[in-house]
Undergrad: 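Got a structure for you, written out below as structure tokens; questions coming shortly.
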Amino acid sequence: CMKDKDDKVVGNAIRTIGHVSYFVYTPEFLSNEGGSVSDDLKLYGSLLSNLTGKVHDVLCDATGETSRELTWKQRNSAKKHAWGAATTIGMLLGHSHLLSHFD
């Protein structure tokens with residue numbers, strides 16, 4: 001969903017990741033046994049990576065580091081996605097009990 005062509009779908013996906021994380025990544029999450037925990041931790045890392053990419057792209061555009069030749073509407077959507085991604089990254093990093101499992 002993060003690479004969908006519809007900007008509303010991407011925005012909703014970014015917001016949903018933050019909301020769902022409160023239910024999935026609870027402190028009890030790590031006490032569950034089985035291989036699914038390591039898969040879920042990989043997903044957690046992947047989500048952080050994808051969201052960080054959204055923020056990075058907009059920062060590169062804003063600083064002139066890269067030029068993606070976006071229309072004003074696409075730039076506006078990209079800024080909104082970056083703002084939502086930054087908020088969602090904050091929510092994900094709020095699960096401090098998970099951070100010790102990453103390098």
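What you see is a predicted model, and the numbers here were worked out from it, not measured in a lab.
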Undergrad: Are Ile17 and Leu93 grouped together when hydrophobic residues (ILVMFWY) are joined by side-chain heavy atoms under 4.5 angstrom apart?
TA: yes
Undergrad: Is Val55 reachable from Val10 through a run of hydrophobic residues whose side-chain heavy atoms are each under 4.5 Å from the next?
TA: yes
Undergrad: Would you please name every residue forming a side-chain contact (heavy atoms from CB on, under 4.5 Å) with Lys80, sequence neighbours left out?
TA: Asn76
Undergrad: Kindly compute the distance separating CG (Asn12) from NE2 (His19), expressed to the nearest 0.5 Å.
TA: 9.5 Å
Undergrad: State, to 0.1 Å, how close Gln74 and Thr71 come at their nearest heavy-atom pair, and which atoms those are.
TA: OE1-N, 2.9 Å
Undergrad: Tell me, which pairs form a side chain to side chain donor-acceptor pair (under 3.5 Å) where one or both residues lie in residues 45-59, sequence neighbours left out?
TA: none
Undergrad: Can you tell me how far the CE atom of Met91 sits from the CG atom of Leu47, to the nearest 0.5 Å?
TA: 13.5 Å
Undergrad: Any side-chain heavy atom of Asp7 within less than 4.5 Å of one from His81?
TA: yes
Undergrad: Is there a donor-acceptor pair closer than 3.5 Å between any side-chain N or O of Tyr25 and the backbone N or O of Asp40?
TA: yes
Undergrad: Would you say that Met2 contacts Leu51 through its side chain, given a criterion of any heavy-atom pair below 4.5 Å between the two side chains?
TA: yes
Undergrad: In a check of side-chain contact (heavy atoms from CB on, under 4.5 Å) between Leu48 and each of Leu43, Ile89, Leu98, which one passes?
TA: Ile89
Undergrad: Kindly indicate whether the side chain of Tyr44, heavy atoms from C-beta on, has any atom under 4.5 Å from the side chain of Leu99.
TA: yes
Undergrad: How close do Val58 and Ala78 get, heavy atom to heavy atom, and via which atoms?
TA: CG2-O, 3.2 Å
Undergrad: Are the side chain of Thr26 and the backbone N or O of Tyr22 linked by a donor-acceptor pair below 3.5 Å?
TA: no
Undergrad: Closer than 3.5 angstrom, by distance alone: can the side chain of Thr88 be matched with the main-chain N or O of Ile14 as a donor-acceptor pair?
TA: yes
